[in-house]
K.L.:
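First, the structure itself, so that you have it in front of you.
Throughout, protein chains are lettered first and strands after them, A, B, ... in sequence-line order, and every chain is numbered starting at 1.
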Amino acid sequence: MSRETTVNLLLALLLLGTPLLAAGLGEPFYVTLATRVTVLALAAVGLNLALGLGGLLSFGHAAFFGLGGYVAGILATHAFNAEPLFADIPATTSMPLIWVTAAAVAGLVALPIGAVSLRTSGVYFIMITLAFAQMIYYFAISWPAYGGEDGLSLSMRNAFPGVNTAKPLPYFLICYAALMAALLLFRAIEGSRFGSALQAARQNGTRLAAVGIAPFHIRLVAFAVSAMITGLAGALYADLNRFVGPSMLSWHMSGELIVLIILGGKGRLFGPVAGAMVFVFFEYVLGGITERWQFFLGLILLGIVLFARGGLLGLLSGKPRHV
Amino acid sequence: MPGLHAGIRSVIHVLPNEAWTGLLFTALLIEQLLNGLQLGVMLFLMAAGLTLIFGVMGLINLAHGSLYMIGAFACATVAAATGSFWIGLIASLAAAAGVGAIIEVAVIRRLYDRDHLDQVLATFALILILSEGARWLFGSFPLYLDIPLLLQGAVPLPGGGQYQLYRLAIIGVGIAVAVGLYLLISRTRLGMRIRAGESDREMIGALGVDIGTLYTVVFALGAALAGLAGALVGALQSVQVGMGEPVLILAFVVIVIGGIGSIKGALVGAVIVGVVDTMGRFLLPSLLALTMPASQATTIGAALASMLIYVVMALILAFRPSGLFAAQA
């Protein structure tokens, strides 16, 4: 077993063990905190597929995160008011159905955005993905039907067959299972022919084209799958907070998702998990000490970017995974 | 001019109803066009700095919006202390250029040979630091800045409308800056070095130009332009933390449309974005009202108008993936 695998297993156990312990001690707050870590990690696993494996620096993944959240919020609101969505299609509060819808909507929106953005590269790609996310953000703000600037509150958490989702621990376990499934998918993709092509597209698109694989299509599929995972995380995040608002779509969110990956280690399987743990830890500890925690978070982040490259996993498990 | 204005007014009064509405519409149209131009000029001041910094140093600077905010805060604070908008304006230039130079020497300098990801993250961290720092210094309540006495009042428009003199002055400043930048870059030694830096950084370093100082100067110049934009807008809106971010993202759209690294592209892109955005918000609801109930048209029109410039950007990029005036590869 390589050192990184050991570190990964320890991280997975730590993330599972902490809330179990906290629930045993009657501290539901820490269970919710761990759920936040889990859901943010899931969103970042999605981005890691595009950013880490594909080298696609999307600064607009908040769009997919927020879309997933709004799918959950809108379906739940319609179901609560017993209004059909469109003509005859009923809304639902069933989580599995909501997840499928959230992932599908995120993926379908990602296809045209990706098709335009992937015509460019480098700085253009960063700015265009950012701009598209802002477009959706402003649309959400100026569209009053679903709360506009105020967002949308869910009167209760959506339902999962056989599980009481209102309790913190069962909901954490659902999110944890989703995260583990996404990590398995990430590893499967990484090792597949598609994953090899995607990484080759990152390293040298021209060579990939020379062996007969069009980098554009590979990247577009990766971008859409990445958006679907992040969209699913958005739906879980909406249920966690029982609220969805434009802040989920904002560019700060996109920035945070990138930060999570970099804190943990870009392109590494458990990078987003480690990153989310560190980020939420900083947020919680600094937030407890000072109201100005963002100031210090900025300083820490700046220090990490300038002086500690490779992220937490680079620190813990040594050798970089790719050059 | 007032005589002419009164003349137009009296003509309007004797015109039949339909023609009167038409004239009123024309006046409104001109007013909105000028508003669009004013927004465009504002965006040009931001985008020129961004695109200059990218062109010369290859750096993507998310913290440019924070420099805009610093300019506005400096202007509002100094104007409140001294009672003079003009001293405030000078202070905003000095503060933004100063903070820009400090940031360049302390942080940005280490990022030039890093990849874009590191640049994005480090400048994102700078935003957190500068925004929270500004909140620390100035509090969460917005500050207000008055339009200077000299520029208060309105100017009559052809067609019977009135237009705020201050906004016209902003348009004038923008045009002056565009001309000044053009002269600076095409006619001076500094401009020659900037152009040389854009085409081959290593070479001008090898030829004995102090490239470190050149970078600091270019960064401070871009920062000063952002600070100027912030101070000028500060008198139209409230001055508060986070005011730079929406402008920054619009400025990104501008330089993506115009072609990153091109000042000319920034100017054209800024005017396109400014006019399209303003006219979209003005015209779309009325256009939609022709096909649907008015209340619905207002809502849908406003929502669509907020997306319009991004659609325009996507269309332009679909045909010209590196912008209208791509400067270099």
Side-chain angles (χ1 to χ4, degrees), chain A residues 51-52 55 57 59 112-113 115-145 148 250-252 254-256 258-259 261-263 266 290-307 309, chain B residues 50 54 58-60 62 106-107 110-111 114-133 135-136 242 245-246 248-253 255-257 259-261 299-311 313-315 317-318 320-323 326:
Chain A
L51 175 63
L57 181 39
F59 206 153
I113 291 183
V116 174
S117 311
L118 285 168
R119 290 174 55 86
T120 66
S121 60
V123 180
Y124 282 92
F125 185 80
I126 300 174
M127 293 186 188
I128 291 165
T129 46
L130 171 63
F132 277 122
Q134 282 306 108
M135 175 177 98
I136 295 174
Y137 172 77
Y138 285 120
F139 183 77
I141 280 190
S142 55
W143 191 256
S250 81
W251 72 300
H252 269 269
S254 298
E256 269 180 37
I258 299 177
V259 168
I261 292 180
I262 302 310
L263 279 179
K266 178 178 63 156
T290 163
E291 215 180 307
R292 310 282 171 213
W293 63 274
Q294 289 211 333
F295 184 84
F296 297 98
L297 183 71
L299 284 180
I300 291 171
L301 189 59
L302 197 58
I304 289 174
V305 177
L306 292 182
F307 305 113
R309 306 172 71 179
Chain B
L50 269 178
F54 185 83
L59 178 99
I60 166 167
L62 295 182
V107 178
R110 299 165 208 274
L111 297 171
R114 298 289 191 85
D115 59 9
H116 292 316
L117 179 60
D118 283 356
Q119 298 177 349
V120 163
L121 276 172
T123 49
F124 184 72
L126 280 176
I127 294 180
L128 294 181
I129 296 172
L130 291 173
S131 293
E132 202 56 54
R135 197 171 285 137
W136 213 337
E245 292 168 9
L248 174 80
I249 288 160
L250 283 182
F252 277 160
V253 174
I255 65 177
V256 163
I257 288 179
I260 303 177
T299 322
I300 298 177
L304 288 182
S306 68
M307 300 169 69
L308 191 60
I309 50 164
Y310 302 100
V311 176
M313 178 191 75
L315 282 178
L317 286 174
R320 305 281 297 253
S322 46

K.L.:
Measure distances from B:Ile300 to the heavy atoms of chain A and classify the residue's part below 4.5 Å as side chain, backbone, both or neither.
P.N.:
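For B:Ile300, backbone and side chain are both near chain A.
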
K.L.:
Report yes if some heavy atom in the side chain of A:Gln294 is under 4.5 Å from a heavy atom in the side chain of B:Ile127; otherwise report no.
P.N.:
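The answer is no, as the side chains (C-beta and beyond) never meet within the 4.5 Å cut-off.
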
K.L.:
Nearest heavy-atom pair of B:Glu132 and A:Glu291: which atoms, and what distance?
P.N.:
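Smallest interatomic distance, heavy atoms only, reads OE2-O, 4.4 Å.
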
K.L.:
A:Phe295 and B:Ile129: which non-hydrogen atoms are nearest, and at how many Å?
P.N.:
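The pair with the smallest heavy-atom distance is CD1-O, 3.3 Å.
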
K.L.:
Between A:His252 and B:Leu128, is a side chain to side chain contact (heavy atoms under 4.5 Å, CB included) present by the stated rule, with each step listed?
P.N.:
CA-CA 10 Å; A:His252 269 269; B:Leu128 294 181; 4.1 Å; yes

K.L.:
If I measure from the heavy atoms of chain B, does A:Leu57 come under 4.5 Å with its side chain, its backbone, both, or neither?
P.N.:
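Just the side chain, heavy atoms under 4.5 Å.
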
K.L.:
So for B:Met313, is it side chain, backbone, both, or neither that comes closer than 4.5 Å to the heavy atoms of chain A?
P.N.:
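Only the side chain of B:Met313 comes within 4.5 Å of chain A.
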
K.L.:
Please examine the side chains of B:Ile255 and A:Met127, heavy atoms only from C-beta on, and report whether any two atoms are closer than 4.5 Å.
P.N.:
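Counting from C-beta outward, A:Met127 and B:Ile255 do come under 4.5 Å.
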
K.L.:
For a quick test of reading the model, state the closest non-hydrogen atom pair linking B:Val256 to A:Tyr124 and the distance between them.
P.N.:
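Of all heavy-atom pairs spanning B:Val256 and A:Tyr124, the closest is O-CE2, 3.8 Å.
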
K.L.:
Compare all side-chain heavy atoms of B:Leu248 with those of A:Trp251 and state whether any distance is below 4.5 angstrom.
P.N.:
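Heavy-atom side-chain distance check passes, below 4.5 Å.
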
K.L.:
Measure distances from B:Leu121 to the heavy atoms of chain A and classify the residue's part below 4.5 Å as side chain, backbone, both or neither.
P.N.:
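Looking at B:Leu121, backbone and side chain both touch chain A.
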
K.L.:
Search all heavy atoms of A:Ser142 against all heavy atoms of B:Ala303 and return the closest pair with its distance.
P.N.:
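For A:Ser142 versus B:Ala303, the nearest heavy atoms are OG-CA, 3.3 Å.
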
K.L.:
At a 4.5 Å cut-off on heavy atoms, which part of A:Tyr137 comes close to chain B: side chain, backbone, both, or neither?
P.N.:
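No part of A:Tyr137 comes within 4.5 Å of chain B.
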
K.L.:
So which part of B:Leu315 gets closer than 4.5 Å to some heavy atom of chain A, the side chain, the backbone, both or neither?
P.N.:
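Neither part.
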
K.L.:
Please determine, among B:His116, B:Met307, B:Arg114, the option with the most heavy-atom pairs under 4.5 Å with chain A.
P.N.:
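Most heavy-atom pairs within the cutoff with chain A belong to B:Arg114.
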
K.L.:
Which bit of B:Val253 comes within less than 4.5 Å of chain A, counting heavy atoms only: side chain, backbone, both or neither?
P.N.:
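Side chain only.
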
K.L.:
Which bit of B:Ile60 comes within less than 4.5 Å of chain A, counting heavy atoms only: side chain, backbone, both or neither?
P.N.:
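Side chain of B:Ile60 only, per the 4.5 Å heavy-atom cut-off to chain A.
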
K.L.:
Less than 4.5 Å to any heavy atom of chain B: does that hold for the side chain of A:Val116, its backbone, both, or neither?
P.N.:
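It is the side chain, since no backbone atom gets that close.
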
K.L.:
Report which part of A:Leu302 has an atom under 4.5 Å of a heavy atom belonging to chain B: side chain, backbone, both, or neither.
P.N.:
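Backbone plus side chain of A:Leu302, per the 4.5 Å heavy-atom cut-off to chain B.
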
K.L.:
Can you name the nearest heavy-atom pair linking B:Phe124 to A:Gly255, along with the distance?
P.N.:
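Closest heavy-atom pair between B:Phe124 and A:Gly255: CZ-CA, 3.8 Å.
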
K.L.:
Please look at B:Leu130 and chain A and tell me whether the side chain, the backbone, both or neither of the residue comes under 4.5 angstrom of a heavy atom of that chain.
P.N.:
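Neither part.
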
K.L.:
Strictly distance-based, threshold 3.5 Å: is any side-chain N or O of B:Arg135 a donor or acceptor partner for the main-chain N or O of A:Arg292?
P.N.:
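Flag not set: sc B:Arg135 to bb A:Arg292 has no pair under 3.5 Å.
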
